[in-house]
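These values consider heavy atoms only, across backbone and side chains, with no hydrogens, waters or symmetry-generated copies. Chain identifiers are assigned alphabetically (A, B, ...) following the order of the sequence lines, protein sequences preceding nucleic acid strands; residue numbering begins at 1 within each chain. Everything numeric in this text was worked out from a predicted model, so none of it was measured.
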2 protein chains.
Amino acid sequence: MKDIKHFLRQNSLRPTKQRVIIANYLFDGVNKHVTAETLSNKLLKMKAGISLATIYNTLHDFYEKGLLKKLMINSERVYFDTNTEHHHHFYSKKDQKLIDINVDMKVSGLPKPPKNKKINKIEVLVHLDN
Amino acid sequence: MKDIKHFLRQNSLRPTKQRVIIANYLFDGVNKHVTAETLSNKLLKMKAGISLATIYNTLHDFYEKGLLKKLMINSERVYFDTNTEHHHHFYSKKDQKLIDINVDMKVSGLPKPPKNKKINKIEVLVHLDN
DNA sequence: TATCAGTTTAGAACGATTCTAATGTATTGA
DNA sequence: TCAATACATTAGAATCGTTCTAAACTGATA
């Protein structure tokens, strides 16, 4: 709690009740992939009465401060990842679940980027069958 | 025209006026990335009065028949790719533009997939800076 | 502790997409 | 060829994730 408030302040975020609850959940040491919906469900179970608007605001605020990564997994909703290190994912469409790939992978055979463009990062998504 | 009608029939799609126009544009030999919106704009310029509903229906029908690939690029809209071969992409967020990577790339260092899961396909997205 | 900038909220608005149900059209088979 | 019918198209309504609005609230500051 104390440290979460610190943590929020360090990131220029006012440690409001709602942000503290959400940050405590998201940054508990276990990496997570959440959407506004899954986070809302989790918070409902915790009986934290936090409005959807605040959930969206907070995810966005945390993202702006670099505390969350935005993932482009599907076109139906936005996924946020508490693991902000560069890493890759397994994705099971069937389970609608993402799994971190934390080992180093190398991509070889990459062509030159188009004129005047620079490669920012390489993202590998490994689709699972079942 | 004749061949497009054939092509549609071969894929169990009734060659209606609208489908012929859209297929002629999409499958003209040049690979394309389209969204319902970009396709609609293109059709407007061609003065083809095709309703948005039909554009969505047609993209979906073509996708169902395997004539288009769905891309998961961002969460704001759905991208369809006329290149249905397995390939990768450069993506410029700034330009909202995708560029095919048609050379063979290899990903090494991939960990084993989770228990009981099989790798379906590996997708590499190379983000460009500018 | 009063002030005030920043935050939360319910509900409205928005934008991409899907649905509905009425109208239109390609196919079929007599 | 033409009628019947199964499939397509369409405008507009509905849906759903997300963002916006503007009023009420609260943490920080002096």
Do any side-chain nitrogens or oxygens of B:Gln18 fall under 4.0 Å of OP1 or OP2 in C:dT25?
-> no

Where the side chain of B:Thr16 is defined as all heavy atoms beyond and including C-beta, which of D:dA8, D:dA11, C:dT9 is the nearest nucleotide?
-> D:dA8

If only side-chain N and O atoms of B:Arg77 are considered, is one of them under 4.0 Å from the OP1 or OP2 phosphate oxygen of C:dT17?
-> no

B:Lys17 NZ to C:dT23 P: how many Å, rounded?
-> 19 Å

Which comes earlier along DNA chain C counting from the 5' end, the contact point of B:Arg14 or that of B:Ala53, where each point is its nearest nucleotide?
-> B:Ala53

Would one find a side-chain N or O of A:Arg9 under 4.0 angstrom from OP1 or OP2 of D:dA28?
-> yes

Cation over ring, B:Lys32 on B:Tyr25, under 6.0 Å and within 45°?
-> yes

Check whether any side-chain N or O of B:Tyr56 sits under 4.0 Å from OP1 or OP2 of C:dT17, and answer yes or no.
-> yes

Figure out the NE2/C1' separation between B:His60 and C:dC19, and round it to whole Å.
-> 13 Å

Considering residues, nucleotides and ligands other than B:Lys42, do more than 12 of their heavy atoms fall under 6.0 Å from its NZ?
-> no

Taking CZ from B:Arg19 and P from D:dT10, how many angstroms apart are they, rounded to a whole number?
-> 11 Å

Between NZ of A:Lys65 and C1' of C:dG6 the distance, given in whole Å, is 12 Å

When the nearest nucleotide of DNA chain C is assigned to A:Ser12 and to B:Glu37 on a heavy-atom basis, which residue is associated with the more 5' position?
-> A:Ser12

Rounded to the Å, how far apart are B:Asn57 CG and C:dA16 C1'?
-> 14 Å

Interatomic distance, A:Leu59 CG vs D:dG17 P [rounded to whole Å] = 15 Å

May I ask you to verify if any side-chain N or O of B:Thr54 is less than 4.0 angstrom from the OP1 or OP2 atom of D:dT9?
-> no

Answer yes or no: is there an ion pair linking B:Asp61 with B:Arg19, defined by an N-O contact shorter than 4.0 Å?
-> yes

Please give, in whole Å, the distance from D:dA8 P to B:Ile50 CD1?
-> 15 Å

Is B:Phe7 reachable from B:Ile21 through a run of hydrophobic residues whose side-chain heavy atoms are each under 4.5 Å from the next?
-> yes

Report the distance from atom CG of A:Leu52 to atom C1' of D:dC16, rounded to the nearest whole Å.
-> 12 Å

B:Tyr63 reachable from B:Ile4 in the ILVMFWY side-chain graph, under 4.5 Å edges | yes

